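Let me begin by presenting the structure, written as structure tokens, before commenting on it.
All figures in this text were calculated on a predicted structure; none of them were measured in a lab. Whatever order the structure lists ligands and atoms in, that order sets their numbers, starting from 1.
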Amino acid sequence: MGTKRSAQILKLPAASRGESSTCKEVSISDSLARPRGKLRAGRSLCMFKKAVKLIPGGVDSPVRAYKAVGGKPPFIERARGSRIYDVDGNAYIDYIGSWGPMIVGHAHPRVSVALKKAIDRGTSYGAPTGLEVTMAELTLKAFPSMDMVRFVSSGTEATMSAIRLARACTGRDNIIKFEGCYHGHADSLLVKAGSGAATLGVPDSPGVPADLARHTYNAVFNDLGSVEALFEKNPEGVACVIVEGVPGNMGVVLPRDGFMAGLKALCVKYGALLIMDEVMSGFRLCYGGAQKVYHIDPDITCLGKVIGGGLPVGAFGGKRAIMEMLAPSGPVYQAGTLSGNPIAMTAGIETLKLLQRKGVYERLFKTASSLCDGIVEIARRRGVPCQAAVAGSMFTVFFTDRPVENYGGAKRSDLKRFARYFTRMLKAGIYLPPSQFEAVFVSLAHTKDDIEKTLDAAEKSFRGL
Ligand code: KE4
């Protein structure tokens, strides 16, 4: 086959049942064995049929609907360690990990025991607790660029609030983001967004007022010239540049050497704040995120996913002078009923404590690398062109024969081939993100045997792909 089969692998150091009465019960199987070699799906299909009448698209977050890969999503009933189990009794090796949070594995005993105790103390008070102080101490120690932090309930709230803060601090309205980067679904950030928006081909969502969208400019990731050009063409100034610490929402794309430092320098030059969105990269690359790997001092950092340990937590933090602009210390309003929730804080604290153990990130990086390298090697042998990037405990294999350094490069991927690969792997019991524009996540629960089983499934899936 005349295709270029080289695969570039860039690596970062490790610095990183609403039971439906009409859907019948089945037993849960712990093995990956498939009856007659295929997935049972009766109950999931029954639930999906019901769900689509009650919930738009049958899901509470678009990427879960399998629009980009075809078929219907399995409905999940439980998870433990590296395994996730659907309502038809199929078991899968899970590489979504709830889109990043489950880095220590599902239902980790340390986390579960702590949560069970916390629940007996009540689930929400709407009042300050010592748990938030503990979580703040842990977070600020991990991210020394931050003097203060505010907890919220999602990554979207974190980035939305960070943008408001940056606009208030600078008195400017314009923001610069990057095509293909996703920062949650706040209006100003749904302009050429990645992740689910890119997956569904709606990077610019209807419903975002043109008057607001015009204040959002998109640069090209890894292209400092495109950023400077936007600064230059905005004499009224730019409030902030927001960037994913390592983009995972166009798939994992690594910053070129000097890119992040260059961004920081441009922000200083033009008086804009640098917001580093580490909702995904924070605690996924290493204990301290991309800013530790790239030695960057952002003005504001956004966090989420891992810091909630599977419960809803987001956070944004930064320099004291900036953060004290926030109500009630300052005039910038931001609030949340469940912000700093004691159950969510408990899960986050236990998860971060587990991640502080020696050798954790070396192990995560080794697991991610061995899986990624193995898939790329199989693709090479099978004549399937692909590129791959590993960043700590996350990676993406792009089905393209050219390097992927930005969203344009990611979009050159063969999405049909990705969909075939995804479907074959799912049938083999491997639960991958249903989109080329997402990251694969490993956890401390993934074993050598899991990796071997996954590569065995890949060996079969690449045949005639
Ligand atoms: P949430 O509002 O979904 O908690 O976080 C938004 C967000 C912000 N910043 C980054 C870098 C993110 O990756 C995200 C959310 N990531 C997606 C997965 N690519 C969440 C999955 C989904 O949308 O269902």
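- Under a 4.0 Å criterion applied to the non-hydrogen atoms of Glu438, ligand 1 contributes the atoms 18 (C), 19 (N).
- At distances below 3.5 Å, not a single donor-acceptor pair connects side-chain atoms of Ser195 with backbone N or O atoms of Asn249.
- For atom 5 (O) of ligand 1, the nearest non-hydrogen atom of the protein is Gly155 CA, 3.3 Å.
- Evaluated for a ring-ring contact (aromatic ring centres under 6.0 Å, His included) with Phe178, the options Phe259, Tyr407, Tyr217 yield exactly one hit, Phe259.
- Under the 3.5 Å distance criterion, the side-chain polar atoms of Asp187 are left unmatched by any main-chain donor or acceptor of Val208.
- When side chains are defined from C-beta on, Val87 does not count as touching Pro74, because their heavy atoms never get closer than 4.5 Å.
- A salt bridge is defined here as a Lys NZ or Arg NE, NH1 or NH2 lying under 4.0 Å from an Asp or Glu carboxylate O, and Asp86 with Arg43 fails to meet this definition.
- Put simply, atom 3 (O) of ligand 1 has no protein non-hydrogen atoms near it, under 4.0 Å away.
- Looking only at protein heavy atoms, the nearest one to atom 24 (O) of ligand 1 is Ser61 OG, 2.6 Å.
- For atom 17 (C) of ligand 1, the nearest non-hydrogen atom from the set Lys305, His183, Glu244, Met280 comes from Lys305.
- Heavy-atom proximity to Ser195, at under 4.0 Å, picks out these atoms of ligand 1: 17 (C), 18 (C), 19 (N).
- Taking distance alone, with nitrogen or oxygen atoms compared against 3.5 Å, Thr156 approaches ligand 1 more closely than that limit.
- The protein atom (non-hydrogen) at minimum distance from atom 9 (N) of ligand 1 is Asp277 OD2, 2.7 Å.
- A salt bridge links Lys264 to Asp299: one of the charged nitrogens lies within less than 4.0 Å of a carboxylate oxygen.
- Of the heavy atoms in His185, none comes closer than 4.0 Å to ligand 1.
- Using a 4.0 Å cut-off between charged side-chain N and carboxylate O, Arg420 and Asp414 make no salt bridge.
- The shortest N/O to N/O separation between Gly184 and ligand 1 does not fall below 3.5 Å.
- Taking all heavy atoms of Thr159, Asn249, Leu303 into account, the minimum distance to atom 19 (N) of ligand 1 is reached by Asn249.
- Considering Arg164, Arg167, Lys177 in turn, Arg167 is the only one that fulfils the side chain to side chain donor-acceptor pair (under 3.5 Å) rule with Ser188.
- The ligand atoms of ligand 1 that sit less than 4.0 angstrom from a heavy atom of Ser154 are 2 (O), 4 (O).
- Protein heavy atom in closest approach to atom 21 (C) of ligand 1: Trp99 CG, 3.7 Å.
- Phe143 and Phe283 have their aromatic ring centers within a separation under 6.0 angstrom.
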